[in-house]
Asker: 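Structure provided below as structure tokens; questions to follow.
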2 protein chains.
Amino acid sequence: MAHQDAIAYQSHDHHHCIEGAMKAARQLCRQRGVQLTGQREAVLRLVWQSHRPVGAYDLLGQLPDNRNGRKPAPTTVYRALDFLREHGLVHRLDSLNAYIGCPHPGQQHDGVFLICRHCRHVQELPGERVRQTLKPLLTAQGFSPDALLMEIPGVCPRCQQDGEGA
Amino acid sequence: MAHQDAIAYQSHDHHHCIEGAMKAARQLCRQRGVQLTGQREAVLRLVWQSHRPVGAYDLLGQLPDNRNGRKPAPTTVYRALDFLREHGLVHRLDSLNAYIGCPHPGQQHDGVFLICRHCRHVQELPGERVRQTLKPLLTAQGFSPDALLMEIPGVCPRCQQDGEGA
DNA sequence: AAAGTGATGTTATATTGTTACATTATACCT
DNA sequence: AGGTATAATGTAACAATATAACATCACTTT
Ligand SMILES: [Zn+2]
Ligand SMILES: [Zn+2]
Ligand SMILES: [Zn+2]
Ligand SMILES: [Zn+2]
């Protein structure tokens, strides 16, 4: 189990998360014969600055000026996000119009997210078990699902603890 | 079980769905002492024109001109949608930026939707069973969910049948 | 009539995302 | 190295979705 899966809720060495994600990305792109260019790497690194979702225009604002000394246009960040999503490095959270790094990229997988409404921490769950438990329900409907998409708002363990008695 | 729960996938008397929804809405608003005004009723009726999600600007385009002979502004439709959502008569599908009528309004409940990527039919499932099956997973994470939000793309039974051998 | 409340109208603006086309970088072959 | 194809980026305009602020209207209560 990867570092960020285990203790993301706790205080932790987040550089570890970032560098782990970047390393995994480099490796994955090498394997697939695609380029993790400067822009793409920059966007991925920005996305990984926290375990909270980030908006596209937030990312855009944090990107450095290009060599012409100008701010990049929206297309820039959307293209990078498209690439990263295509290769499973980043997910989009539809309920928030925002993006977050995938802690176990590579395999095509479901998107099951626990979103803390207090601290905005996002925890991605492996969809396999959810999919298993849901399978009977779905087949009972005669429905053939492509991929699960779940964004569950609530309160994370950390914030429950902090908020006790409040 | 309501009409639209049972046979929405099949060809059916959709007027039955529409009038059922309008009647339920009127009753619910009476009970709660809130007004189902003309605008709100018009928007709800438009939403119920099909079992497919509808965009806010689509609705706007279909609203009749107001008494000044002008097209209503976006605020109009968003205000109506806000009201309808607040009272559980309509859901928003975040993955589509679109809205759909709730087939069993009134109770506050989860939003679990099966969305056919072929015909765009949307089937809402009661969240109770899903919630039950997911509970162990969520409590294992120490996460306290507010309400389930699931939008599952796939192929509906009807389209699977139609597409056989294609 | 006066005041209060909820609903609507009106105008402007914010936020998020896309299209189209030009230019530059990189890979690949001869 | 040169030539060609492909991938990536730049640039500008625009589309789609949603909200904010403030004025007006309708209805009720006093
Ligand atoms: Zn971390
Ligand atoms: Zn993931
Ligand atoms: Zn519902
Ligand atoms: Zn279908």
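Sequence lines set the chain letters: A, B, ... in the order given, protein chains first and strands last, and positions in each chain run from 1.
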Asker: Whole angstrom is fine here: how far is it from CG in Leu60(B) over to P in dG9(C)?
Answerer: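 The distance from CG of Leu60(B) to P of dG9(C) comes to 11 Å, rounded to the nearest Å.
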Asker: Starting at atom CD of Glu41(A), determine the distance to atom P of dA8(D), rounded to an integer number of angstrom.
Answerer: 15 Å
Asker: Heavy-atom contacts under 4.0 Å between residues 68-77 of chain A and DNA chain C, which residues?
Answerer: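 Per residue number, the list reads Pro74(A), Thr75(A).
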Asker: One pair to check against side-chain contact (heavy atoms from CB on, under 4.5 Å): Glu151(A) and Val122(A). What are the steps and the verdict?
Answerer: CA-CA 9 Å; Glu151(A) 298 174 20; Val122(A) 172; over 6 Å; no
Asker: Can His121(B) and Arg52(B) be counted as having a side-chain donor-acceptor contact under 3.5 angstrom?
Answerer: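 There is no such pair (donor and acceptor under 3.5 Å, judged by atom type) between the side chains of His121(B) and Arg52(B).
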Asker: Rounded to whole angstroms, how far apart are CG on Leu36(A) and C1' on dT9(D)?
Answerer: 15 Å
Asker: To the nearest Å, give me how far apart CZ (Arg32(A)) and C1' (dA7(D)) are.
Answerer: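 Distance, rounded to whole Å: 18 Å.
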Asker: Separation of Gln35(A) atom CD from dA25(C) atom P, in whole Å?
Answerer: 13 Å
Asker: Tell me what Phe83(B) touches on the nucleic acid: a base, only sugar-phosphate, or nothing, going by heavy atoms under 4.0 Å.
Answerer: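 It contacts nothing in the nucleic acid.
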Asker: So, is Asn97(A) near the phosphate of dT17(D), with a side-chain N or O under 4.0 Å from OP1 or OP2?
Answerer: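 So the side-chain polar atoms of Asn97(A) never come under 4.0 Å of the phosphate oxygens OP1 or OP2 of dT17(D).
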Asker: Check whether the side chain of Arg79(B) and the base of dG9(C) form a donor-acceptor pair under 3.5 Å.
Answerer: yes
Asker: Rounded to whole angstroms, how far apart are OH on Tyr57(A) and P on dT17(D)?
Answerer: 15 Å
Asker: With respect to His51(B), which candidate in Glu124(B), His14(B), Arg120(B) satisfies the side-chain contact (heavy atoms from CB on, under 4.5 Å) definition?
Answerer: His14(B)
Asker: Quick one: does any side-chain atom of Gln160(B) pair with a main-chain N or O of Gly142(A) as donor and acceptor, under 3.5 Å?
Answerer: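 Confirmed, Gln160(B) side chain pairs with Gly142(A) backbone.
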Asker: In whole angstroms, how far is the P atom of dT19(C) from the CG atom of Asp82(A)?
Answerer: 10 Å
Asker: Return the polar atom pairs (N/O with N/O) between nucleotides 23-26 of chain D and the protein under 3.5 Å, or none.
Answerer:
none

Asker: Please determine whether a side-chain nitrogen or oxygen atom of Gln39(B) lies at a distance below 4.0 Å from atom OP1 or OP2 of dG9(C).
Answerer: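 True: Gln39(B) side-chain N/O within range (under 4.0 Å) of dG9(C) OP1/OP2.
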Asker: Please determine which of Asn66(B), Asp65(B), Thr76(B) meets the side-chain contact (heavy atoms from CB on, under 4.5 Å) test together with Lys71(B).
Answerer: Asp65(B)
Asker: More than 12 heavy atoms of other residues, nucleotides or ligands under 6.0 Å from CZ of Arg129(B): is that the case?
Answerer: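 Incorrect, the count does not exceed 12.
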Asker: Could you tell me whether the phosphate oxygens of dG17(C), OP1 or OP2, come under 4.0 Å of any side-chain nitrogen or oxygen in Tyr78(A)?
Answerer: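 So the side chain of Tyr78(A) is within the cut-off, an N or O lying under 4.0 Å from OP1 or OP2 of dG17(C).
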Asker: Measure NE2/His87(A) against C1'/dA7(D) and give the value in whole Å, please.
Answerer: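 Taking atom C1' of dA7(D) as the reference, NE2 of His87(A) is at 12 Å.
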Asker: Yes or no on side-chain contact (heavy atoms from CB on, under 4.5 Å) for Asp110(A) and Leu149(A), after CA distance, side-chain angles and deciding distance?
Answerer: CA-CA 6 Å; Asp110(A) 300 305; Leu149(A) 167 52; over 6 Å; no
Asker: Donor-acceptor pair, distance only, cut-off 3.5 Å: does the side chain of Thr139(A) make one with the backbone of Lys135(A)?
Answerer: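 Between the backbone of Lys135(A) and the side chain of Thr139(A) there is a qualifying donor-acceptor contact (under 3.5 Å).
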Asker: Compute the ring centroids of His91(A) and Tyr99(A), then answer whether they are less than 6.0 Å apart.
Answerer: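 That pair fails the under 6.0 Å test.
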